[in-house]
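Only heavy atoms go into these numbers, but all of them, side chains included; no hydrogens, no water, no symmetry mates. Quantities reported herein were computed from a predicted structural model and do not represent experimental measurements. As the structure lists them, so they are numbered: ligands from 1, and atoms in each ligand from 1.
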Amino acid sequence: MKIITSIPEVQTEIRKHRKQGQTIGFVPTMGALHQGHLSLAETCRKENDITVVSIFVNPAQFGPNEDFEKYPRDFQKDESMLKELGVDLIFYPAKDEIYPPGYCTYVEVEKLGQVLCGKSRPTHFSGVATVVLKLFNIIKPDRAYFGRKDAQQAVLVKRMVKELNVDVIIKALPIVRDHDGLALSSRNVYLSPAEREAALHLPQALIQAREQIQAGLKDAAQIKSVIETGLKNIPLLTVDYVEVVTLDRLEAFPVTPGGQLIDNNNTLVAAAVKVGKTRLIDNFILGEI
Ligand code: AMP
């Protein structure tokens, strides 16, 4: 497994594989890897000749009062996990390699970047879109793999790729959960035992909503209210948002005589909470990103 930190070097290495007719699969990450990331890398390996994983804690996607400095970093552990999996190349650039001094070009995905998580993190998705496009331009992958845990991110990246004519196939893979049901996240290490207890109400509330949908509930407002009820009065937990929106446009469903009825092939049910200082997100999807 090669570890490359410079852009020209990684481009030379990729070019070499391309000349040999090999396909390139790419998994962008911020490191502090867990089974969620590894599931992406595993699928990437199966579907491509060469698997590239990037590890870059992207400053552009953190707000001024967020956890950029504190974000967990453990390159040695990440490296051994990826080596064991048979990953071919880690791209591990420094901050200045990606954003040299004076850097000033950013990508904006209107609307999709302003709703859901974008409301409380107004610059986040511009930072995501910018780094993802830069990484696509550097690696030029055939396929790139994202997790549905960050459903809004996957929807937005897919739209950016379509609208900017980037020649890459985006794959969005299922959420990987811990034994207790909490979606795996690098930020889970911040949680105290009591906070983790509180955090479990998030997947549980979503399961309840999903069960109600399976039993026939179609009204978006009622689905939202099932989740809000499940998250009410939980010590240490505050709700950022609960949303039931169309999966392709992240918009509210149109009002009909029966209410705002969800579409079983195009619905995202998503929620974000804060447990102590830690922001957690979770969702389920009806349909395909
Ligand atoms: P991050 O390192 O948090 O930027 O995540 C890198 C990629 O891993 C993103 O595409 C995430 O959606 C994905 N990912 C993170 N956690 C999970 C999870 N629990 N299950 C599936 N994918 C995940």
Checklist entry - When you look for heavy atoms under 4.0 Å from ligand 1, do you find them on the side chain of Val27, its backbone, both, or neither? => result neither
Checklist entry - Given that the side chain starts at C-beta and the backbone is N, CA, C, O, which of these parts of Ser39 lies under 4.0 Å from ligand 1, counting heavy atoms, or is it both or neither? => result neither
Item to check | Residue, atom name and distance, where the atom is the protein heavy atom closest to atom 4 (O) of ligand 1 | outcome: Met30 CG, 3.6 Å
Checklist entry - How does Arg177 reach ligand 1, if at all, at less than 4.0 Å between non-hydrogen atoms: by side chain, backbone, both, or neither? => result neither
Item to check | 4.0 Å heavy-atom contact, Ala32 with ligand 1 | outcome: no
Next on the checklist: With heavy-atom distances below 4.0 Å as the criterion, list the atoms of ligand 1 near Thr29.
Outcome noted: 2 (O), 6 (C)
Checklist outcome for this item: Under 4.0 Å from one or more heavy atoms of Pro28, ligand 1 contributes atoms 6 (C), 7 (C)
Item to check | Connected via hydrophobic side-chain network under 4.5 Å: Ile24 and Val161 | outcome: yes
Next on the checklist: Checking side-chain hydrogen bond (donor to acceptor under 3.5 Å, both in side chains) between Arg18 and each of Thr23, Asp49, Asp142, which is the one that passes?
Outcome noted: Asp142
Item to check | Sidechain N-carboxylate O distance under 4.0 Å for Lys16, Glu13 | outcome: yes
Checklist entry - Does ligand 1 have an atom that lies less than 4.0 angstrom from a heavy atom of His34? => result yes
Next on the checklist: Consider side-chain contact (heavy atoms from CB on, under 4.5 Å). Of Leu116, Val155, Thr246, which one does Leu268 pass it with?
Outcome noted: Leu116
Checklist entry - What residue and heavy atom of the protein are closest to atom 20 (N) of ligand 1, and at what distance? => result Val176 N, 2.8 Å
Checklist entry - Would you call the rings of Tyr103 and Tyr106 parallel, tilted or perpendicular, where under 30° means parallel and over 60° means perpendicular? => result perpendicular
Item to check | Val166 with Ile169, same ILVMFWY side-chain cluster at under 4.5 Å | outcome: no
Checklist entry - Counting N and O atoms only, with roles assigned by atom type, does the side chain of Asp178 sit under 3.5 Å from a partner on the main chain of Leu184, one being a donor and the other an acceptor? => result no
Checklist entry - Using a heavy-atom cut-off of under 4.0 Å, does the side chain or the backbone of Ser185 touch ligand 1, or both, or neither? => result neither
Item to check | Pair Asp78-Tyr92, side-chain donor/acceptor within less than 3.5 Å | outcome: no
Next on the checklist: Just to confirm my output: which protein heavy-atom neighbour is closest to atom 21 (C) of ligand 1, and how far is it?
Outcome noted: Pro174 O, 3.4 Å
Checklist entry - So, does Ala154 sit close enough to ligand 1 that a heavy atom of it is under 4.0 Å from the ligand? => result no
Checklist entry - What are the atoms of ligand 1, with element, lying closer than 4.0 Å to any heavy atom of Leu40? => result 7 (C), 8 (O), 10 (O), 13 (C)
Item to check | Element-labelled atoms of ligand 1 that are located less than 4.0 Å from some non-hydrogen atom of Leu184 | outcome: 16 (N), 17 (C), 18 (C), 19 (N)
Next on the checklist: Give the atom numbers and elements of ligand 1 that come within less than 4.0 Å of a heavy atom of Ile175.
Outcome noted: 20 (N), 21 (C)
Item to check | Reference residue Leu112; test side-chain contact (heavy atoms from CB on, under 4.5 Å); the match among Arg159, Lys158, Met160, Gln153 | outcome: Arg159
Item to check | For Phe146, the ligand 1 atoms whose distance to one of its heavy atoms is below 4.0 Å | outcome: 10 (O)
Checklist entry - Quick one: nearest non-hydrogen protein atom to atom 1 (P) of ligand 1, plus distance? => result His37 NE2, 3.6 Å
Checklist entry - What about Ile223 and Ile285, same hydrophobic cluster or not, with Ile/Leu/Val/Met/Phe/Trp/Tyr joined at side-chain heavy-atom distances under 4.5 Å? => result no
Checklist outcome for this item: protein heavy-atom neighbour closest to atom 22 (N) of ligand 1 works out as Gly147 CA, 3.4 Å
Item to check | Taking atom 9 (C) of ligand 1 as the reference point, the nearest protein heavy atom with its distance | outcome: Gln153 NE2, 3.7 Å
Next on the checklist: By the definition salt bridge (Lys or Arg N to Asp or Glu O under 4.0 Å), identify the one residue from Arg279, Arg121, Lys274 that meets it with Asp240.
Outcome noted: Arg279
Checklist entry - Identify the closest protein heavy atom to atom 14 (N) of ligand 1: which residue and atom is it, and at what distance? => result Asp150 OD2, 4.2 Å
Checklist entry - For the residue pair Tyr99 and Phe56, does the interplanar ring angle fall in the parallel (under 30°), tilted (30 to 60°) or perpendicular (over 60°) class? => result tilted
